[in-house]
Amino acid sequence: MERREYKNVICNLKDTKKVISKGLNFFYCGKRDSNKELKGEKMKKNRQRVVYIDKEHLKKYNIIDQVFYYEDLELSVESREAYKNFEKQFIESYSISADVYNINEFSFYMKDSYQCNAFAIQKRGYNIIGITNVYPILLSKKFNSKYFEKFIFMGLMNKENIGLAYIDLINKEKFNLSKFMLDCSIKFTFGHEFRHILQFNSAEIRKESYYLQENLMENAFDIQKHTWEFDADRSGCYAVLKFVFRTDTELNKRSPDKFKCLLYAGCASMIITKCLFYFGVMHQEEHKMTVKKIDFYTKKYSHPHPLVRCANILDYYFSNIEDDFPNLDIEYQEFFNNVFGILKIYFDSLMGSNNIINEIFNDFKKYNGEVTAYNNELYDLAIQDEAIRNLLISSNTSFED
Ligand SMILES: [Zn+2]
């Protein structure tokens, strides 16, 4: 498979590099003490350096409207927890990233809407990331633990060590897979939206305001937007990779095979999220799900086609694993089989008799040539795009010109 890469978009930046390379240097040495401390250290620093602008301020100055407040509503425990969890994760991640990338003021809010959406805004100098109130609820429901109950089968399906590692994760580590998958999906969305914030800030001639949202708009094709989405997906992907690595360091007893299992599950989480939209089942109730696929396209609509985006994610994720963790000796076929194994367990369990996984396979096969060609084209456009190029250069990221 041909791969066009620019590498380690986030890894090369100063503070993050310290965290990542510290982990890598110690990777197979057993003692892993400092990640939590490092994080605590950074949080302390954040309080001094970056300022959180809250939704009340933004509302008062008419920067945003339709603000959603869950605090005063009568809600089920699950819904309240979902809102709290998403809010906390977005604000924490934003605080850390804003500090690393010198975004001095940052904002997050939930918007009252019937649509499931995430977005990034720059308006009158404010850098805002948002999600709609539907997003935490739908996503939490779709990553319910009941869809991952059969995960242990991955262990039985896999021969030798990797199979045992799956079983160990579930039985000995008491690993909460569905929570991990949900967290990976959140990390991806945050990483994606944050990259849009960086793109807004790195164009030399800036527009007065920017607004990029994640729902597919049919009448809004713009090749630059496709390019920015391609680049933002890569950042989201790398955010997941960092999270997977951190999760691995927190296991009681680490092993390369357990780490591989986490890497596969992290990637599967991103592909599942994209496929929920591709098959039009994100909004549907589980007992009456029908598949309504988005026809394949390249230069159309606001975002690249989900298959194009999935291929970009798979490729970029895998090549970063190869680069950052050479000792793992990970093979593409094994990676692919495991990611799709998890997808199969998930969609079989979610959709019952619908054979979604075959659809995904067949579509990947059918459009493979077009998908690869379009991703290569987006890569070339990305490294020529002024905002992205500035980001790559300022972060010392190597890329094939
Ligand atoms: Zn986007």
Side-chain angles (χ1 to χ4, degrees), residues 6 9-10 86 89-90 93-94 97-98 101 103 106-111 113 115-123 126-132 134-136 138-139 184-203 206-207 209-240 269-278 282 294 297-317 374-375 377-379 381-382 385-388 391-392:
Y6 49 78
V9 178
I10 302 169
F86 277 66
Q89 289 210 41
F90 271 89
S93 298
Y94 203 171
S97 302
Y101 289 83
I103 302 285
F106 69 101
S107 305
F108 168 81
Y109 82 108
M110 271 189 263
K111 182 177 178 166
S113 168
Q115 286 185 324
C116 180
N117 209 349
F119 50 89
I121 303 172
Q122 190 178 65
K123 196 172 170 187
Y126 292 100
N127 293 298
I128 307 161
I129 289 176
I131 53 174
T132 60
V134 185
Y135 177 89
L138 283 180
L139 215 63
C184 285
S185 183
I186 296 173
K187 299 290 174 215
F188 177 82
T189 303
F190 171 76
H192 179 104
E193 296 310 326
F194 182 69
R195 185 65 169 190
H196 283 324
I197 296 286
L198 292 181
Q199 291 163 347
F200 301 158
N201 281 285
S202 104
R206 283 194 221 164
K207 288 188 195 162
S209 66
Y210 287 96
Y211 172 70
L212 283 183
Q213 57 81 40
E214 299 314 324
N215 282 352
L216 198 64
M217 308 289 281
E218 297 203 346
N219 299 317
F221 173 70
D222 175 343
I223 192 73
Q224 192 193 28
K225 275 189 189 159
H226 274 216
T227 308
W228 281 21
E229 295 303 336
F230 170 91
D231 177 59
D233 277 347
R234 289 182 158 218
S235 286
C237 201
Y238 204 75
V240 171
S269 160
M270 295 185 278
I271 306 295
I272 285 173
T273 311
K274 290 273 166 274
C275 287
L276 287 170
F277 287 100
Y278 178 31
M282 187 64 182
I294 303 166
Y297 63 87
T298 53
K299 292 179 181 172
K300 253 169 124 179
Y301 305 159
S302 58
H303 291 67
H305 189 275
L307 282 179
V308 171
R309 300 180 74 180
C310 283
N312 183 28
I313 290 168
L314 283 164
D315 243 22
Y316 189 65
Y317 191 81
Y374 193 50
N375 269 329
E377 191 176 340
L378 289 176
Y379 175 90
L381 289 168
D385 180 90
E386 186 214 17
I388 297 172
L391 283 172
L392 297 176

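Counting starts at 1 for both ligands and their atoms, following the listed order.
None of the N, O or S atoms belonging to Asp233 lies under 2.8 Å away from the Zn ion (ligand 1). The nearest N, O or S atom of Glu214 is closer to the Zn ion (ligand 1) than 2.8 Å.
By the 4.0 Å N-to-carboxylate-O rule, Arg234 lies too far from Glu229 to be salt-bridged with it.
Side chain to side chain, Ser185 and Thr273 meet the donor-acceptor criterion of an N or O pair below 3.5 Å. Between Asn117 and Glu214, the side chains place no donor N or O within less than 3.5 Å of an acceptor N or O (distance only, hydrogens not considered).
Residue Glu229 approaches the Zn ion (ligand 1) most closely through its N/O/S atom OE1. Looking only at its N/O/S atoms, His192 has NE2 as the one nearest to the Zn ion (ligand 1).
Judged purely by atom type and a 3.5 angstrom limit, Gln199 uses its side chain to pair as donor or acceptor with the backbone of Trp228.
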